[in-house]
Student: 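Encoded as structure tokens, here's the structure I'll be asking about.
Quick note: numbers below take in every heavy atom, side chains included, and nothing from hydrogens, waters or symmetry partners.
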Amino acid sequence: MAVRQAATPAWKLALMKWAHRTSYFPQLGLMRDDTLEENDLVKEAVRRLPDRVYDERMYRISRALNLSNQKTVLPKSEWTKFDDDVLYLQPYLEELRKEHKERALWNGQ
């Protein structure tokens, strides 16, 4: 998280924190990568997650669905904090993008 803050201009960091604070998904205990649209790339990245990370993701999503169904949110102390919102899926997505690019080069496209 410190790397993201160090590499990001102050105005952009403030805007990111405001957007995080005002969005709905932290109130349900979700992280940003939990809310990505599930296309083929995301599905493969999720499949490659370590078992523990995958189980944590599935717990957060099922808890969020349950809370949404009950039309309630978590207590404020359990909301996902900006500093705890890790982009855990991004390394896998980057790896998949590189693999697709390399496969396209090998296939001569």
Student: Are V53 and V86 in one and the same hydrophobic cluster, where Ile, Leu, Val, Met, Phe, Trp and Tyr link if side-chain heavy atoms are under 4.5 Å apart?
Tutor: no
Student: Could you pull out all residues at least two apart from D55 that satisfy side chain to side chain donor-acceptor pair (under 3.5 Å)?
Tutor: none
Student: Backbone N or O of L30 within a donor-acceptor pair of the T80 side chain at under 3.5 Å?
Tutor: yes
Student: Report the residues that fulfil side chain to side chain contact (heavy atoms under 4.5 Å, CB included) with E94, sequence neighbours left out, ordered by chain and then residue number.
Tutor: R97
Student: Of all residues at least two apart in sequence or in a different chain, which pass the side chain to side chain contact (heavy atoms under 4.5 Å, CB included) check with K12?
Tutor: T8, P9, M16
Student: Can any side-chain N or O of W79 pair as donor or acceptor with the backbone N or O of G29 at less than 3.5 Å?
Tutor: no
Student: Is it the case that the side chain of S68 and the backbone of A64 share a donor-acceptor pair, with hydrogens and angles ignored and the cut-off at 3.5 Å?
Tutor: no
Student: Who are the side chain to side chain donor-acceptor pair (under 3.5 Å) partners of E102, not counting sequence neighbours?
Tutor: none
Student: Taking atom CG of L67 and atom CG of L74, what is their separation to the nearest 0.5 Å?
Tutor: 5.0 Å
Student: Report the distance from atom CD of E56 to atom CG of L49, rounding to the nearest 0.5 Å.
Tutor: 10.0 Å
Student: For a 4.5 angstrom cut-off between non-hydrogen side-chain atoms, does L89 reach R57?
Tutor: yes
Student: Applying salt bridge (Lys or Arg N to Asp or Glu O under 4.0 Å) as the test, list every pair that has at least one member in residues 58-73; sequence neighbours left out.
Tutor: D34-R60
Student: Tell me the closest heavy-atom pair linking R32 and T35, and the distance in Å.
Tutor: O-OG1, 2.7 Å
Student: Can you tell me how far NZ of K43 sits from CG of L36, rounded to the nearest 0.5 angstrom?
Tutor: 13.5 Å
Student: Does anything in residues 15-57 form a ring pair (Phe, Tyr, Trp, His ring centres under 6.0 Å)? List the pairs, not counting sequence neighbours.
Tutor: H20-F25, H20-F82
Student: Transitive ILVMFWY cluster of Y59 at side-chain heavy atoms under 4.5 Å: who else is in it?
Tutor: none
Student: Indicate, with yes or no, if V46 and M58 share a hydrophobic cluster defined by side-chain heavy-atom contacts under 4.5 Å among Ile, Leu, Val, Met, Phe, Trp and Tyr.
Tutor: yes
Student: Only counting residues at least two apart or in another chain, list the ones meeting side chain to side chain contact (heavy atoms under 4.5 Å, CB included) with D51.
Tutor: none
Student: Please identify each residue that fulfils side chain to side chain contact (heavy atoms under 4.5 Å, CB included) with E37, with sequence neighbours left out.
Tutor: none
Student: With sequence neighbours excluded, what pairs up with E44 under the salt bridge (charged side-chain N to carboxylate O under 4.0 Å, His left out) test?
Tutor: R47, R48
Student: Hey, what do you get for CG (N66) to CD (Q70), rounding to the nearest 0.5 Å?
Tutor: 4.5 Å
Student: If you group Ile, Leu, Val, Met, Phe, Trp and Tyr by side-chain heavy-atom gaps below 4.5 Å, do V73 and M31 land in one group?
Tutor: no
Student: Quick one: list whatever passes ring pair (Phe, Tyr, Trp, His ring centres under 6.0 Å) with Y92, sequence neighbours left out.
Tutor: none
